[in-house]
J.: 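One structure follows; several queries about it will come next.
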Amino acid sequence: MEHPELDRRERDVLALERRGFSGPGAKERAIREELGLAPVRYYQLLNALLDDARALAHDPVTVNRLRRVREARRSER
């Protein structure tokens, strides 16, 4: 089954996650300035993307890394 492409915002969210950020607040600032999103909304979108087969097809390395991080956090609770 063919998956439709991710939209621009979804691709931008994954691209932001691929980058490394120095210092506290740098990522949140980039989320607001570059994507025009509140960090809470950004993380909601990101979490949904981690369960989206289209995101996995688009950027398997980033999605799989973030899935591992999410699972590790869940198992710590």
J.: CZ of R65: more than 12 outside heavy atoms within 6.0 angstrom?
T.: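 Enclosed: over 12 neighbouring heavy atoms sit under 6.0 Å from CZ of R65.
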J.: Okay, side chain of T62, backbone of D59: is any donor-acceptor separation there less than 3.5 Å?
T.: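 It does not hold such a pair.
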J.: Any donor-acceptor pair under 3.5 Å linking the side chain of E71 with the backbone of R68?
T.: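 No, E71 side chain to R68 backbone: no donor-acceptor pair under 3.5 Å.
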J.: Not counting sequence neighbours, list each pair that qualifies as a side-chain hydrogen bond (donor to acceptor under 3.5 Å, both in side chains) and has a residue in residues 29-38.
T.: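 Qualifying pairs, neighbours excluded: R19-E34.
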J.: Are R8 and D12 close enough for a salt bridge, meaning some N to O gap below 4.0 Å?
T.: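 Judged by the 4.0 Å cut-off on N to carboxylate O distance, R8 and D12 do form a salt bridge.
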J.: How close do S22 and A26 get, heavy atom to heavy atom, and via which atoms?
T.: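 Residues S22 and A26, closest heavy atoms: O-CB, 3.2 Å.
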J.: Mind checking the CZ-CD spacing from R54 to E10? Nearest 0.5 Å is all I need.
T.: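 Taking CZ in R54 and CD in E10, the distance rounds to 4.5 Å.
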J.: Rounded to the nearest 0.5 Å, what separates atom CG in N47 from atom CZ in R70?
T.: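 The distance works out to 5.0 Å.
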J.: Rounded to the nearest 0.5 Å, what separation is found between the CZ atom of R77 and the CZ atom of R73?
T.: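 Interatomic distance, R77 CZ to R73 CZ, rounded to 0.5 Å: 8.5 Å.
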J.: What's in the same ILVMFWY side-chain cluster as Y42, cut-off under 4.5 Å, chained through other members?
T.: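 Y42 shares its hydrophobic cluster with L6, V13, L14, L16, F21, I31, L35, L37, Y43, L45, L46, L49, L50, L56, V63, L66.
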J.: Would you say that more than 12 heavy atoms from the other residues, nucleotides or ligands in this model lie under 6.0 Å from the CZ of R18, or not?
T.: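 Enclosed: over 12 neighbouring heavy atoms sit under 6.0 Å from CZ of R18.
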